Amino acid sequence: MTDLTRLTAAEIAGLVAAGETSAVEVTQAHLDRIAAVDERVHAFLHVDTEGALAAARSVDERRAAGEDLGPLAGVPVAVKDVLTTKGVPTTVGSKILEGWRPPYDSTIVERLREAGTVMLGKTNMDEFAMGSSTEYSAYGPTRNPWDLDRIPGGSGGGSAAALAAYEAPLSIGSDTGGSIRQPGAVTGTVGAKPTYGGTSRYGLVAFSSSLDTPGPCARNVLDAALLHQAIGGHDPRDSTSIPAAVPDVVGAAKLGASGDLTGVKLGVVTEFTGEGAEPGVMAAFRESVEALAKLGAEIVEVSCPHFQYALPAYYLIAPSECSSNLARFDGVRFGLRVGDDGNRSLEEVMSLTREAGFGPEVKRRIMVGTYALSSGYYDAYYGQAQKVRTLITRDFTAAFERVDALISPTTPFVAFPIGSRTADPYQMYLADLFTIPTNLYGGPAISVPCGLSDGLPVGFQIMAPTMADDRMYRVAAALESTVGTFTPPAL
Ligand code: GLN
C-alpha cells in the first residue's frame, strides 16, 4: 500500500480528486506519522486532531456532492504558530501568549481553508520569530530530521522539520530576515519568501511590519508554487498588500521543470565571496551554478556593494519595529497576566508580566530597538539604517537591469549542533547573511536544496525583482530537475 505521507501535495490532491483516496485517509496517515515521530522532532506546538479530521470530512463530502474542489483539496498543511487560527492556540513560541485562542483566522489560514487544505496544527518557532535555530522557542527546540542533535533552522524550524519528517507535505512560514529560506536550506526542503505585500499580513503576529512576509514551504518546487498561488494575492485587510494577482508561479514552476533556461541571465553576487561561509556550502553552490549554465542560463557576476551593510541595518530596523509592535503585550489585553493581586499598580503588573512572559532574545531586541529609536540616537542608528536600506534597494534595482535574477547560497553553514551558537547572539545572526538583503528590498526569494555537505543539506537561493516571483520558481524548478529532491535518512 502506498505510504500517503511520502506523496507530494500535487499527487495527494490528484488522488483525492479522482476518489482514489479520501481526505480523511490522507489526514489520518499524517496524524499517525506525527504521533509516531513528533516526540523526537517536536515540530508541532499544537496538533488539531479534531479540527483536521472535520476539515477532511468536509472535503470528502463536497467531493461526493460533485462540487469543484480546488487544486489542493484534501492536502494536509502545518501552520507556523505566528498566524492566528480561530479557536486554536496561537503562542508565537512565547509564554506571553500561552493559552491564547484567537477570535479570528488570519487571511492565510482563511485562504488555506478555502483551497480545501486540511490544517494539521501549529508549528514550533523561535519566540516572536526572532532567531535562526528554533532554540529560542519558549516550548523547547525542534530537532532536524537529518540529525536529531542539530537545529532545523529558524525561526520557522517547526514548519521545515514537519516537511522533512514527513509529518506534512506542505507548511506555512513567515520570513522577516530569512525564517522561511534558512530552515528550508538546512532541512533539504523548499521555502519561498514572496514579494513583500504579495501575501497578507492580516492575522500574522507582527515582529517587524515592514519586513514580515508569510510564505509557502514544501518538499518540492511545484508544491511550493501551488501553495503560494493558493495563499497569495491582494487582501484589503492588510494596508501594505499589493493590489495585484499572484504572478503565475505554478506555470513558471512547470516551465522550469522542463530543464531549459535558455535566455535566462543569472547574477552571482560578487560581494558574497564565500568569506564566513563553509567550504562545503560554497562547493555545492558552485556546482549548482555550473549545472544551471548547462541548462542554458547565462551566468555573470554582479556587484552589489551595499549588501555587506545589510546585516547591521536589519539588526537596527527589525528591533526598532519590534520594540513598537511588542508594546501591546502588556498583560491587559492578550494572554499572560502576572502579579495582578489587587494591590499592585498597572505599571507593576505590566512589568512583572513582561519579565515573566518574554525570553532573553526578545528582551534584547526590545531594548536595542528602544535605544535605536530614542531621541538623540534616532538619526545615528535608525535613520542611518533606513538610508542603508535605500542603498541596498538601489543595488537590487541596478542588478535587475542587467540580470533576471540573483543567485547565492541560502545560508553560510549547514545545520549546526543544538546549543553551539546560543552563547553569542552574533553567531546566530550570521545565519541570515545572504537572506537579509532581499527582505530590506522587498523582493521575492526562494531556497531550493542543491546538494549535501558532510551529509547535510545545502540550500541555493534565487532572488528576483518585486512581483516577479514566477522567475525564481522557473529557475528553482530547473535546478531541481537536475539535482533532484533530498530525503533525510529514515527516522
Ligand atoms: N533570523 C532572523 C532574526 O532573528 C530572521 C528572523 C525571521 O525571518 N523571522 O531576526
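Fair warning: this is a prediction, and the values are worked out from it, not measured in the lab. Counting starts at 1 for both ligands and their atoms, in listed order.
Heavy-atom contacts of Gly177 reach the following atoms of ligand 1: 5 (C), 7 (C), 8 (O) (cutoff under 4.0 Å). Every atom of ligand 1 with a heavy atom of Ala129 under 4.0 Å away is listed here by number and element: 6 (C), 7 (C), 9 (N). When each atom of ligand 1 is checked for a heavy atom of Met130 under 4.0 Å away, the hits are 4 (O). For ligand 1, the atoms closer than 4.0 angstrom to any heavy atom of Tyr314 are 2 (C), 3 (C), 5 (C), 6 (C), 10 (O). Close approach of ligand 1 to Ser132 (heavy-atom distance below 4.0 Å) involves ligand atoms 1 (N).
The nearest heavy-atom contact from the protein to atom 3 (C) of ligand 1 is Tyr315 OH, 3.3 Å. Here the heavy atom of the protein found nearest to atom 7 (C) of ligand 1 is Ser179 OG, 2.3 Å.
Not a single N or O atom of Phe207, backbone or side chain, sits closer than 3.5 Å to an N or O atom of ligand 1. For the pair Gly131 and ligand 1, the shortest N or O to N or O distance falls below 3.5 Å. Every N/O-N/O distance between Ser174 and ligand 1 stays at or above 3.5 Å.
For CZ of Phe334, the number of neighbouring non-hydrogen atoms (other residues, nucleotides, ligands) closer than 6.0 Å is greater than 12. Counted within 6.0 Å of NZ on Lys86, heavy atoms from surrounding residues, nucleotides or ligands total 12 or fewer; the atom is thus considered open. No more than 12 heavy atoms of other residues, nucleotides or ligands lie within 6.0 Å of OH in Tyr381, so this atom counts as exposed by the packing criterion.
Residue Phe128 does not touch ligand 1, judged by heavy-atom distances below 4.0 Å. The residue Tyr429 has no part lying near ligand 1, judged by heavy-atom distances below 4.0 Å. Counting heavy atoms under 4.0 Å from ligand 1, residue Ser155 touches it through the side chain alone. Here Arg365 has side-chain heavy atoms under 4.0 Å from ligand 1, and that is the only part of it that gets that close.
With respect to the salt-bridge test (charged N to carboxylate O, under 4.0 angstrom), the residues Arg143 and Glu135 do not qualify. A salt bridge links Asp81 to Lys122: one of the charged nitrogens lies within less than 4.0 Å of a carboxylate oxygen.
Stacking of Arg421 on the aromatic ring of Phe413 is recorded, both the 6.0 Å distance cut-off and the 45° axial limit being met.
In this structure, Phe128 has its ring center under 6.0 Å from that of Phe329.
Contact check for Arg365 versus Phe207: side-chain heavy atoms found under the 4.5 Å cut-off.
Between Ala318 and ligand 1 there is no heavy-atom distance shorter than 4.0 Å.
Between atom 1 (N) of ligand 1 and the options Asp432, Leu430, Val82, Ile180, the minimum heavy-atom separation is to Asp432.
The aromatic rings of Tyr104 and Tyr202 are tilted relative to each other, their planes meeting at an angle between 30° and 60°.
Side chain to side chain, Ser155 and Lys80 meet the donor-acceptor criterion of an N or O pair below 3.5 Å.
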